[in-house]
Amino acid sequence: MRVEKIGRDFDVSRPWLNRVLEREPRRSLCAVNEVSFSIRKGETLALVGESGCGKSTVARMIVGLHTPSRGRIVFDGADLADPQSAPLRRRMQMIFQDPYASLNPRWRVRAIVAEPIVAHGLVRDQARLAARVSELLAQVGLVAEDGDKFPHEFSGGQRQRISIARALSANPEFLVCDEPTSALDVSVQAQILNLMKDLQTRLGLTYLFISHNLAVVAHIATRVGVMYLGSLVEIADAKQLFERPRHPYTRMLIDAIPDLQMTGKARTPVAGEVPNPLAPPSGCAFHPRCPHADGRCRSERPELITQEPGSAVACQAIGRRVGLDHSSL
Amino acid sequence: MSQVESWLRQSWNHDVVWSLRHSPTAIIAVFSTLICVGGALFAPWIAPHNPFDSASLSLSDGFTPPSWTQAGNTTYLLGTDDQGRDILSTIMYGARISLAVGVAAVLFSLVLGVGLGLVAGYVGGRLDAFIMRVADIQLSFPAILIALLIDGVARVVLPREAHDDIAIYVLTVAIGVSGWVQYARTVRGATLVERHKEYVQAARVIGRSSAAIMLRHVLPNVMGPVLVLATIHIATAIIAEATLSYLGVGVPPTRPSLGTLIRVGNDFLLSGEWWIAVFPGIALVVLILSVNLLGDWLRDALNPKLR
């Protein structure tokens with residue numbers, strides 16, 4: 001799975017009549033700008049960032065809900081924009097954020113879980129279909145009898161289990177999870193995360209995990225990408241990112257995590273606000289909030305530079321800070 | 001035998017039947033609807049007289065009051081009209097035509113309106129704008145005027161000798177076309193809401209075609225208000241049919257509908273022959289009320305969240 005410099009613009013112009021009357025030009029919002037990364041088979045890449053940074057848009061482009069305005073998405077060697085690659089779509093499925101909205105309220109759970117199988121014509125025999133659905137429900141910790149119920153008879157965590165069963169029913173290899181736990185109670189979040197980890201090892205799944213919760217990411221991710229205002233600012237192995245964050249923004253996010261060990265370390269709240277994506281700052285998008293910004297940051301857009309294999313960072317200050325001790329910052 | 005038995009037990013315990021068994025209003029509505037519809041459907045076999053068989057009519061029986069009054073005659077339970085036709089029988093035959101036109105016109109509007117509304121809401125863009133502007137234009141004319149227009153055009157286009165035979169179909173289409181806008185607007189609005197819900201996007205990720213998503217995912221979720229709208233619309237359609245018949249563009253006068261009977265009886269209301277208008281009127285009210293109550297109950301019964 002490889003994503004090459006994808007970008008997506010949204011037309012946020014006012015209606016045609018208002019534009020003509022008020023002499024306003026068309027306006028477009030660049031939600032995602034030149035994002036590139038690759039995910040190896042069996043690993044979990046987490047994309048993190050504040051609300052509105054474009055992480056969900058990336059997820060939607062990968063599963064085909066949005067078409068990229070620029071760049072291309074390559075899955076198993078085939079460009080997904082190519083109409084011939086349509087059968088590949090079966091091998092990637094998505095788990096949505098809100099388990100109350102992602103299940104059709106008028107369908108029984110059995111039909112919901114079976115939908116991908118029916119849509120792709122994988123199992124035609126009714127008895128075998130029913131057996132497969134029961135097996136899927138058991139796999140996510142539900143019982144076969146739950147198939148006769150409607151979604152509203154379940155709790156949020158159970159609904160998310162149904163959602164996972166549906167995503168798994170077409171035997172996918174790659175799952176895009178768009179904040180799958182953010183709508184759940186904290187006590188249930190861990191159960192769902194453990195289920196997902198367990199399924200990953202059993203079925204050899206690859207995850208793209210979108211989240212704004214760093215604690216969740218630390219639990220599940222093997223690699224982490226940090227996004228800010230539509231661009232990827234840092235990507236690294238999870239362990240490395242949490243121990244030695246390099247981009248000032250990543251550092252800011254990690255410093256803001258509540259410390260459960262009660263070591264007395266002061267939390268530094270994230271300072272400043274995300275700029276308006278309609279009028280992004282010049283140069284590095286993060287410079288208005290960055291403690292290390294200088295004139296070059298204001299004028300020049302930093303490139304994502306690979307320094308060590310498997311990790312890259314987009315910050316001009318990194319070069320200047322060579323020799324600086326990370327732990328002192 | 002046991003298979004039939006288990007099927008019967010299963011349907012007896014089915015959700016919809018269960019909610020019917022526990023709602024007295026619904027039971028009353030079902031029974032009165034069944035009586036009205038049954039009386040209308042089986043009129044040729046169960047009606048005491050055939051009001052359209054001119055050989056059996058005698059003008060000397062005209063204006064017979066209902067049987068329980070002093071001048072009443074037990075042969076004519078609800079009395080007779082000016083031509084000696086039995087009121088009960090004309091009501092049964094009239095309800096047949098009223099119901100047929102009403103239901104068929106509603107079905108026509110429903111299919112047209114729901115289809116266009118679903119496509120407009122789901123596809124959006126220029127197609128949506130076009131369909132909704134057409135709806136807006138039609139809404140700026142009274143529905144009865146649209147029906148009159150369609151009826152008038154049909155009369156000019158179709159051969160004269162076929163008029164009486166096809167009048168009922170033209171009437172149905174005219175009333176049907178005049179009513180689709182309500183459905184289209186309701187369905188479009190609901191579709192716009194449903195389209196952005198995650199279960200529709202989930203179906204897209206799964207790889208379902210737009211047609212399948214519209215019919216299998218969106219349609220069941222937008223049909224609730226449509227069903228209630230349709231039952232109320234049956235009453236409106238029956239009234240529209242009566243109005244058109246009154247204006248002389250409806251069904252031929254040799255086969256009067258319920259509305260026509262009320263209109264005819266209206267002429268005698270002030271001269272003391274009240275039963276000619278009142279009994280068809282009661283029949284119409286009972287029919288419409290029970291259909292509406294049935295629709296309300298059905299809406300609740302079909303909503304899984306209320307179970």
Side-chain angles (χ1 to χ4, degrees), chain A residues 15-17 56 59-60 62-66 86-109 111-122 148-153 159-160 162-164 166-167 169-170 172 174-176 178-180 183, chain B residues 10 13-16 18-19 114 118 122-130 132-133 136 187 190-227 298-307:
Chain A
W16 174 80
L17 199 62
S56 286
R60 278 151 193 275
I62 288 171
V63 294
L65 285 173
H66 292 319
L88 287 179
R89 294 256 174 232
R90 179 192 63 77
R91 291 162 55 190
M92 55 167 76
Q93 291 293 328
M94 184 160 177
I95 298 169
F96 288 86
Q97 176 175 6
D98 182 0
Y100 290 89
S102 63
L103 306 173
N104 189 332
R106 285 178 190 271
W107 281 31
R108 286 184 198 274
V109 167
I112 292 173
V113 174
E115 194 182 15
I117 308 177
V118 176
H120 295 286
L122 299 179
D148 292 327
K149 297 183 188 162
F150 284 99
H152 69 93
E153 295 172 59
R159 281 162 167 250
Q160 204 59 298
I162 297 168
S163 200
I164 294 171
R166 169 176 64 186
S169 71
F174 179 58
L175 281 187
V176 175
D178 187 2
E179 309 208 19
Chain B
Q10 215 176 0
N13 288 320
H14 187 266
D15 304 326
V16 175
W18 187 89
S19 103
V114 170
L118 203 58
Y122 191 79
V123 177
R126 280 163 199 273
L127 188 66
D128 176 30
F130 176 73
M132 292 335 280
R133 288 305 82 76
D136 285 345
V187 168
T191 305
L192 284 178
V193 174
E194 298 298 322
R195 182 169 74 127
H196 292 291
K197 290 204 178 152
E198 283 182 344
Y199 73 87
V200 171
Q201 295 177 347
R204 282 175 61 194
V205 173
I206 284 166
R208 276 288 164 109
S209 67
S210 296
I213 293 173
M214 273 193 263
L215 290 177
R216 294 178 42 79
H217 282 282
V218 181
L219 189 63
N221 283 294
V222 300
M223 277 311 272
V226 168
L227 217 69
L298 206 61
R299 176 196 54 188
D300 295 345
L302 291 182
N303 188 345
K305 282 184 189 162
L306 287 178
R307 267 179 215 156

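Just so it is clear: chains get the letters A, B, ... in the order the sequence lines come, proteins before strands, and each one is counted from 1.
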Does any backbone or side-chain atom of [X] lie under 4.5 Å from a heavy atom of chain B? Answer side chain, backbone, both or neither.
X	result
Arg60(A)	side chain
Glu153(A)	neither
Ala119(A)	both
Leu103(A)	backbone
Val176(A)	neither

Could you tell me the separation between the [atom1] atom of [X] and the [atom2] atom of [Y], rounded to the nearest 0.5 Å?
X	Y	atom1	atom2	value
Gln160(A)	Phe96(A)	CD	CZ	10.5 Å
Ser163(A)	Tyr199(B)	OG	OH	14.5 Å
Glu198(B)	Asp178(A)	CD	CG	7.0 Å

Student check: side-chain heavy atoms of [X] and [Y] closer than 4.5 Å:
X	Y	value
Val63(A)	Gln201(B)	no
Ile162(A)	Pro151(A)	no
Arg166(A)	Gln93(A)	no
Tyr100(A)	Arg159(A)	yes
Leu219(B)	Val114(B)	yes

Report task. Would you check, one step at a time, whether the test side-chain contact (heavy atoms from CB on, under 4.5 Å) holds for Leu122(A) with Arg90(A)? Result -> CA-CA 10 Å; Leu122(A) 299 179; Arg90(A) 179 192 63 77; 4.0 Å; yes
Query - Residues of residues 211-218 of chain B within contact distance of chain A, non-hydrogen under 4.5 Å - result: Arg216(B), His217(B)
Query raised in the report: Do any of residues 122-130 of chain B have a heavy atom less than 4.5 Å from a heavy atom of chain A, and if so, which, in residue order?
Result: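 Result: none.
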Between [X] and [Y], what is the shortest heavy-atom contact and its length?
X	Y	value
Phe150(A)	Trp107(A)	CD2-O, 3.6 Å
Ala167(A)	Pro172(A)	O-CG, 3.1 Å
Ile206(B)	Glu115(A)	CD1-OE1, 3.7 Å

Query raised in the report: Among Ile112(A), Ile95(A), Leu65(A), Asp98(A), who wins on heavy-atom pairs under 4.5 Å with chain B?
Result: Leu65(A)
